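Below: one structure, written as structure tokens.
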2 protein chains.
Amino acid sequence: MQESKTFESICNLLRNHSYKVTHQRQTILQTFMEHVDRHLSAEEVYMLVKHRDPEIGLATVYRTLDILAEIGVLLKNDFGDGRSRYEFSRKDEQHHHHHLICLHCGNVSEFDDDLLESLEAVISKRTQFKVIDHDLKFYGYCKKCEEAL
Amino acid sequence: MQESKTFESICNLLRNHSYKVTHQRQTILQTFMEHVDRHLSAEEVYMLVKHRDPEIGLATVYRTLDILAEIGVLLKNDFGDGRSRYEFSRKDEQHHHHHLICLHCGNVSEFDDDLLESLEAVISKRTQFKVIDHDLKFYGYCKKCEEAL
DNA sequence: CTATTATATGACAAAGAGACTCATTTGCAA
DNA sequence: TTGCAAATGAGTCTCTTTGTCATATAATAG
Ligand SMILES: [Mn+2]
Ligand SMILES: [Mn+2]
Ligand SMILES: [Zn+2]
Ligand SMILES: [Zn+2]
């Protein structure tokens, strides 16, 4: 049974992993939940969070994002811009979506597809490599930038 | 007509892009050609190069690798270990291979497949995104590590 | 072959993301 | 309410990569 990721369920998830549900972690989580569709960096989260509670430190943001990724609430991405970017992990996706990264404006959009599952099987069969996960990114130009050129 | 990537042809490629063929660039290139199958970081190249010419500076290695990637001689990869890794670009591959990264020992192996070409076409059709390039990595365990666990 | 000059180089400093340190604070279980 | 392990914030530190600049050197013209 797949538990839906409400604020409360995530707090419980923290407790189940014996992490304390601190005021700071709640604020960071709440802030993140208001930007479900975005791919935020630690610094960006820090800025958003500071608006709600200026006392929170950057190190705490880094630590909290790490923990949320570790317990499966967030996904940590690397889009090649020199900083990690986090997004809310959808409750209903067994294997995650792919990313379309615009080489001009940096905008990140998404693409769903399960073709990679079969490719993982091919790899495990053809090579001696046991595949656990994959990461697929497409680089190109978004509609807006393509039209502007 | 595909020119084969000999040492001389790459020197000419540098000249054609109005880059000077300096002693340092030749040494770095020669060193790289002795490790065709590896995915070297700038620091690793620096160490190998220092053996042949201890006078070469790290900044020059960084700059040279950048240039060689820019003119298509090298490919710049990010395997998530916090540093860029370069490899010789094969003359005969229109679209590059994928990488299998071991989560235990960090070893990188390769996998050839052209399934992604068709996926790029699907994306360009289904979304408004103009795909230029892609990057596919698989994470898991290499034969050696899988057996040892 | 020599002079000219734009480019390249090496040493060093600096930037930027993120991890580490440690004194102080706080969640939470007893 | 108390006790204490865990968490926090401020600052320091590490590491990769880029920037600066005085000096050196390919490439080119004469
Ligand atoms: Mn996403
Ligand atoms: Mn490779
Ligand atoms: Zn764009
Ligand atoms: Zn391994």
Side-chain angles (χ1 to χ4, degrees), chain A residues 7-8 10-31 39-71 74 76-86 106, chain B residues 7-8 10-31 39-71 74 76-86 106:
Chain A
F7 180 79
E8 268 314 318
I10 294 168
C11 290
N12 286 329
L13 210 52
L14 281 169
R15 277 185 270 261
N16 294 346
H17 286 77
S18 44
Y19 288 119
K20 291 181 179 173
V21 179
T22 64
H23 169 249
Q24 290 91 333
R25 286 173 182 170
Q26 291 183 62
T27 302
I28 292 167
L29 180 54
Q30 273 189 303
T31 303
H39 301 87
L40 297 168
S41 68
E43 195 77 30
E44 285 170 348
V45 173
Y46 178 59
M47 290 309 177
L48 291 168
V49 156
K50 254 200 143 38
H51 192 251
R52 196 183 288 237
D53 177 358
E55 301 299 303
I56 291 181
L58 179 57
T60 298
V61 173
Y62 271 103
R63 287 186 285 233
T64 300
L65 293 176
D66 260 2
I67 288 171
L68 290 174
E70 184 212 317
I71 66 178
L74 298 182
K76 191 174 185 174
N77 288 116
D78 179 6
F79 298 142
D81 61 348
R83 70 213 66 184
S84 294
R85 295 189 167 273
Y86 298 81
Chain B
F7 180 80
E8 267 314 318
I10 295 169
C11 289
N12 286 329
L13 210 53
L14 281 168
R15 277 185 269 261
N16 293 346
H17 290 257
S18 46
Y19 288 118
K20 291 181 180 173
V21 179
T22 63
H23 169 248
Q24 291 91 334
R25 286 174 180 167
Q26 291 183 61
T27 303
I28 292 167
L29 179 54
Q30 273 189 304
T31 303
H39 302 88
L40 297 169
S41 69
E43 195 77 32
E44 285 170 348
V45 174
Y46 178 58
M47 290 309 176
L48 290 169
V49 157
K50 253 200 143 38
H51 193 252
R52 196 183 288 237
D53 177 358
E55 300 300 302
I56 291 180
L58 179 58
T60 299
V61 173
Y62 271 101
R63 288 185 285 232
T64 301
L65 294 176
D66 260 2
I67 288 171
L68 290 175
E70 184 212 317
I71 66 178
L74 298 182
K76 191 175 186 174
N77 289 117
D78 179 5
F79 298 141
D81 62 347
R83 72 214 64 187
S84 293
R85 294 188 167 274
Y86 297 81

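Note that the coordinates shown come from a computational prediction; the quantities given were computed from them, not determined experimentally. A note on names: the letters A, B, ... follow the listed sequences, proteins ahead of strands, and every chain is numbered from 1.
Of the candidates Leu58(A), Thr60(A), Thr31(A), Thr64(A), Val49(A) forms a side chain to side chain contact (heavy atoms under 4.5 Å, CB included) with just one, namely Thr31(A).
Salt-bridge formation is not detected for the pair Glu44(A)/Arg83(A): no Lys NZ or Arg NE/NH1/NH2 atom is positioned less than 4.0 Å from an Asp or Glu carboxylate oxygen.
Each of Lys20(B) and His23(B) was matched to the nucleotide of DNA chain C holding its nearest heavy atom; the match closer to the 5' end belongs to Lys20(B). Place Ser84(B) and Gln24(B) on DNA chain D by their nearest nucleotides, and Ser84(B) ends up nearer the 5' end.
Taking each heavy atom of Glu8(A) and Arg15(A) in turn, the nearest pair found is OE1-NH2, 4.1 Å.
Arg63(A) contributes no side-chain N or O that forms a donor-acceptor pair with the base of dG18(C) under 3.5 Å.
Taking only side-chain atoms of Thr60(A), from C-beta outward, the nucleotide of dT17(D), dG9(D), dA17(C) with the closest atom is dG9(D). Picking from dT16(D), dG9(D), dA11(C) the nucleotide with the shortest atom distance to the side chain of Ala59(B) gives dA11(C).
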Ring pair (Phe, Tyr, Trp, His ring centres under 6.0 Å) assessment of His39(A) paired with Phe79(A): CA-CA 10 Å; His39(A) 301 87; Phe79(A) 298 142; 5.4 Å; yes

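The NZ-C1' distance, from Lys50(B) to dT9(C), rounds to 13 Å in whole Å. As a whole-Å value, the separation of Asp66(A) CG from dT8(D) P is 12 Å. Tyr62(B) places its OH atom 9 Å from the C1' atom of dC15(D), with the value rounded to the nearest Å.
Checking the phosphate oxygens (OP1, OP2) of dT17(D), no side-chain nitrogen or oxygen of Arg83(B) falls inside 4.0 Å. Residue Thr22(A) places no side-chain N or O under 4.0 Å from the OP1 or OP2 atom of dT26(C). Between Arg25(A) and dT8(D), a side-chain N or O to OP1/OP2 separation shorter than 4.0 Å is present.
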